[in-house]
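Not measured: the values here are computed from a predicted model. Letters A, B, ... are given to chains in the order of the sequence lines, protein chains preceding strands, and every chain is numbered from 1.
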2 protein chains.
Amino acid sequence: MKLSTKGRYGVAAMYELALHYGEGPISLKSIAANQGISEHYLEQLICTLRNAGYVTSVRGAQGGYVLSKDPAVITVGDIITTMEGPIALVDCLLTEADRNSYCEKAGACVTRGVWAKVCDSINSVLDSISLADLCREEKN
Amino acid sequence: MKLSTKGRYGVAAMYELALHYGEGPISLKSIAANQGISEHYLEQLICTLRNAGYVTSVRGAQGGYVLSKDPAVITVGDIITTMEGPIALVDCLLTEADRNSYCEKAGACVTRGVWAKVCDSINSVLDSISLADLCREEKN
DNA sequence: TTTATTCCCGACTAAAACAATCGGTTTTGT
DNA sequence: ACAAAACCGATTGTTTTAGTCGGGAATAAA
């Protein structure tokens, strides 16, 4: 299991924005340079974040991107979910309805319990860490 | 984040073998039919498990596969790691040396802590569940 | 000894996801 | 006017996924 660059770059970019929260817009170019990411590629990713309402763009010279919300209320889980879709290790865990329903397939149903536990554990870690937490860590 | 069929089918097949542990070899055909998996595809997967020493094959008519160890000492984590490689969400967490080293990239290093936490949490769940646990669950 | 069963092995492939790249358009501060 | 940015759509090379196909070798049962 690997995390794709979508998720990693997404969190990296958001972290960069969080570091400069309140200092006006940060350009794509500086984020990309700082994190060593292709500018054009990052553009696509940050577009997803914008559509999800986590960042706001400022066009024109001296423009860039700004967090739409306070770093304390954006979690790593929010970002990962936006970039990679819901953390559902298997399809039958995608919706709440699925989780409560009974699986037809004999053995599959038993193993499903395992995947559910893993998903819950991943989510609880990701949701417990905010961008503000990351920034705080940097200072130490 | 999704689990590939390698991991899912691998665990499903091992679970099937665990259910019939001590009853002689189980054929690929019956495992595949029971779990609704392509026989030829499953063959490749189980080959990986065999190379890793988790299953033993018995050739010839009435042959099949048998668990090499007691279901109680094979964990879901063992199987997933065999099928999908080590759970390292990002490359710089692959080895123990990497984990202890310091990252050069400024922001990347801070986010790495997040990925390490998630990996540890996944592993602790996967390693805590044995095939015997799954079989026990079935009976309830 | 023949035959049916079952594992063994290597090659091939279609489709999707991943990770970009490229080129041009629009907006806006200086 | 000009340069700095964001915006947008199309295209592309590579890798992974999830198989398929076909023949070969071992062995139990007839």
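- Distance CD1 (B:I37) to P (D:dT17): 16 Å, rounded to an integer number of Å.
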Please table the atom pairs, donor to acceptor, closer than 3.5 Å between any side-chain atom in residues 18-29 of chain A and protein atoms at least two apart or in another chain.
| residue | atom | partner | partner atom | Å |
| --- | --- | --- | --- | --- |
| A:H20 | ND1 | A:E16 | O | 3.1 |
| A:S27 | OG | A:S30 | N | 3.2 |

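- As rounded to whole Å, 14 Å separates atom C1' of C:dA19 from atom CG of A:L3.
- Judged by distance alone, the side chain of A:E84 and the main-chain N or O of A:G7 form a donor-acceptor pair under 3.5 Å.
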key: Protein proximity profile, nucleotides 6-17 of chain C - base contact B, sugar-phosphate-only contact S, no contact -, cut-off 4.0 Å on heavy atoms   = BBBB-B------

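- For A:T81, the side-chain hydrogen bond (donor to acceptor under 3.5 Å, both in side chains) criterion is met by no residue, not counting sequence neighbours.
- Partners of A:R59 by side-chain contact (heavy atoms from CB on, under 4.5 Å), not counting sequence neighbours: none found.
- Put simply, NZ on B:K2 is 10 Å from P on C:dC18, counting in whole angstrom units.
- The side-chain hydrogen bond (donor to acceptor under 3.5 Å, both in side chains) search around A:S130 returns A:D133, not counting sequence neighbours.
- Rounded to whole angstrom, the span from the CG atom of B:L45 across to the P atom of D:dA18 amounts to 10 Å.
- The side chain of A:Y9 places an N or O atom within less than 4.0 Å of a non-bridging phosphate oxygen (OP1 or OP2) of C:dA20.
- Each side-chain hydrogen bond (donor to acceptor under 3.5 Å, both in side chains) pair with one or both residues in residues 60-78 of chain B, not counting sequence neighbours, appears once here: B:T56-B:S68, B:T75-B:D78.
- Rounded to an integer number of Å, the gap from B:Y41 OH to D:dT17 P is 8 Å.
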